[in-house]
There are 2 protein chains.
Amino acid sequence: MHFANKTKMDIIMSLRSRPMSVTEIVRKVGREQSTVSHDLRRLSRCHILHVKQKGKQRIYSLNKKTVVPILETVEKHVRKNCPRGCNL
Amino acid sequence: MHFANKTKMDIIMSLRSRPMSVTEIVRKVGREQSTVSHDLRRLSRCHILHVKQKGKQRIYSLNKKTVVPILETVEKHVRKNCPRGCNL
DNA sequence: AGCTTTCATGAATTATAATTCATATGAAAA
DNA sequence: TTTTCATATGAATTATAATTCATGAAAGCT
C-alpha cells in the first residue's frame, strides 16, 4: 500500500514500529536527507507525526492514536478490493 | 476535509448520501462533465465507487462497506488535530 | 571559539496529477 | 436510422507535489 506518495508512506510505515531519529529514517527509507526532511515537515504539519528534540537529534513518532486506525481501515479496503496492488 | 483533491473528495461526499448519475454529480460538484468523468474512473479503479448502468445513465455509488470507515477515522483525526482546516 | 554531527530550509528542477477541449460511444427516442 | 441525451476517452495543457542541490542553523564536542 502506498497512497499517493511512496516516501511518505515508507516513513509512516517505518515509524509504525517505533519512533526514530531523522538519520535512522533516512537509512531505513533509503532516500536523500533533505527529501525525508521535507516529508517529515509535511507529515508533521497535519499532525500525522510528532517530534521531540533529544540532544542534537530529532525523534519523530507516529501519532498512533488517530493514524493507526486510518491505516487499518485503508488496509482492510485494499485487502478486500485490490489485493493485487492498487494505486489508492 | 479534502485530502489531496477537492473534486474527488466532493464526489465522494456527494455519494455518501445516495447513489447518483453522472449528470447529478456534475450539477452537485459544479465542475465540467469530463473532469468528473475522469475522476469517477479513477475512483472506480480502486473500488472506492461502484457503477451500474440504468438505461442510458450510469449510477455511481460509494463503496460504503470499506470507504465509510476510512472517512470516519480520517474525520476523527481532523477533528482532534486540525479543527481549523488542514491539507491532509 | 572552532569543528562536527544532525537536521531544516529555500529555490530550482523534475515528476505526477488534474483539468480542459474536442471528439467518440452507446442507449433510447423520434 | 437519424437524432438526442448521457457519459467516456485521449491528447494537450495546466496545476500541484516531490525531489534535488546548495546552504544554513543549532547542539554538543574538543
Side-chain angles (χ1 to χ4, degrees), chain A residues 1-15 18-63 67 70 74 78 82 85-88, chain B residues 1-15 18-63 67 70 74 78 82 85-88:
Chain A
M1 176 195 20
H2 75 298
F3 305 96
N5 186 244
K6 179 85 161 56
T7 304
K8 286 202 288 209
M9 209 57 211
D10 285 354
I11 292 173
I12 289 174
M13 287 316 185
S14 299
L15 295 176
R18 61 183 176 80
M20 296 168 80
S21 74
V22 176
T23 306
E24 286 180 294
I25 298 171
V26 167
R27 274 211 323 275
K28 193 97 198 257
V29 306
R31 344 181 83 82
E32 292 232 340
Q33 181 266 316
S34 76
T35 301
V36 169
S37 204
H38 276 127
D39 276 345
L40 288 172
R41 188 154 66 85
R42 288 165 196 145
L43 290 168
S44 300
R45 261 211 307 265
C46 36
H47 304 86
I48 305 242
L49 304 182
H50 296 134
V51 212
K52 64 173 178 179
Q53 192 88 20
K54 189 186 178 185
K56 54 182 170 186
Q57 312 193 105
R58 271 157 193 255
I59 308 298
Y60 281 88
S61 59
L62 189 64
N63 177 0
V67 177
I70 294 173
V74 172
V78 172
C82 20
C86 153
N87 41 319
L88 190 86
Chain B
M1 173 194 28
H2 74 298
F3 306 92
N5 185 245
K6 179 85 162 56
T7 304
K8 287 202 287 211
M9 209 56 211
D10 285 353
I11 291 173
I12 290 173
M13 287 317 183
S14 299
L15 295 176
R18 60 184 177 80
M20 295 167 79
S21 73
V22 176
T23 306
E24 286 179 294
I25 298 170
V26 168
R27 275 211 322 276
K28 194 99 197 254
V29 307
R31 344 182 83 82
E32 291 231 342
Q33 181 266 317
S34 75
T35 302
V36 170
S37 202
H38 276 126
D39 276 345
L40 288 172
R41 188 153 65 87
R42 288 165 196 145
L43 290 168
S44 301
R45 261 209 308 263
C46 36
H47 304 86
I48 304 242
L49 304 183
H50 296 134
V51 212
K52 64 171 177 178
Q53 192 89 20
K54 188 187 176 185
K56 53 183 167 184
Q57 311 192 101
R58 270 157 194 257
I59 307 299
Y60 281 88
S61 59
L62 190 63
N63 176 0
V67 177
I70 295 173
V74 171
V78 172
C82 21
C86 155
N87 40 318
L88 190 87

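Just so it is clear, the model here is predicted, and its values are computed rather than measured. As a basis for the values below, the full set of heavy atoms in this structure was taken, side chains included, without hydrogen atoms, waters or symmetry mates. Letters A, B, ... are given to chains in the order of the sequence lines, protein chains preceding strands, and every chain is numbered from 1.
Applying the salt bridge (charged side-chain N to carboxylate O under 4.0 Å, His left out) test to pairs two or more places apart or on separate chains, those with a residue in residues 41-51 of chain A are A/Asp39-A/Arg42. Here salt bridge (charged side-chain N to carboxylate O under 4.0 Å, His left out) pairs that include residues 22-31 of chain A, with residues two or more places apart or in two chains, are A/Asp10-A/Arg31, A/Arg18-A/Glu24.
Rounding to the nearest 0.5 angstrom, the gap separating the CG atom in B/Leu62 from the CD1 atom in B/Ile48 is 8.0 Å. The CD1 atom of A/Ile25 sits 8.5 Å away from the CD1 atom of A/Ile59 when rounded to the nearest 0.5 Å. Between the CG atom of A/Leu40 and the OG1 atom of A/Thr35 there is a distance of 10.5 Å, given to the nearest 0.5 Å. Interatomic distance, CE of A/Met9 versus CG of A/Leu43, reported as 9.5 Å (0.5 Å rounding). Here B/Leu15 contributes atom CG and B/Leu49 contributes atom CG; the two are 6.0 Å apart, rounded to the nearest 0.5 Å.
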Could you go through residues 50-57 of chain B and list every donor-acceptor pair under 3.5 Å that involves a side-chain atom there, pairing it with any protein atom two or more places apart or in another chain?
residue : atom : partner : partner atom : Å
B/Gln53 : OE1  : B/Arg58 : NE           : 3.4
B/Gln53 : NE2  : B/Gly55 : O            : 3.3

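Mapping heavy-atom proximity under 4.0 Å, the span of DNA chain C touched by chain B runs 5' to 3' from C/dA18 to C/dA28.
Base-pairing analysis of DNA chain D finds the following stems of at least three consecutive Watson-Crick or G-U pairs, with both pairing distances under 3.5 Å: C:1-30 with D:1-30.
A heavy-atom distance below 4.0 Å to DNA chain D is reached by these residues of residues 32-42 of chain A, ordered by number: A/Glu32, A/Ser34, A/Thr35, A/His38, A/Asp39, A/Arg42.
Minimum heavy-atom separation, B/Asn63 to B/His47: ND2-O, 2.9 Å.
The closest donor-acceptor contact from the side chain of B/Ser37 to the backbone of B/Gln33 lies at 3.5 Å or more, if one exists at all.
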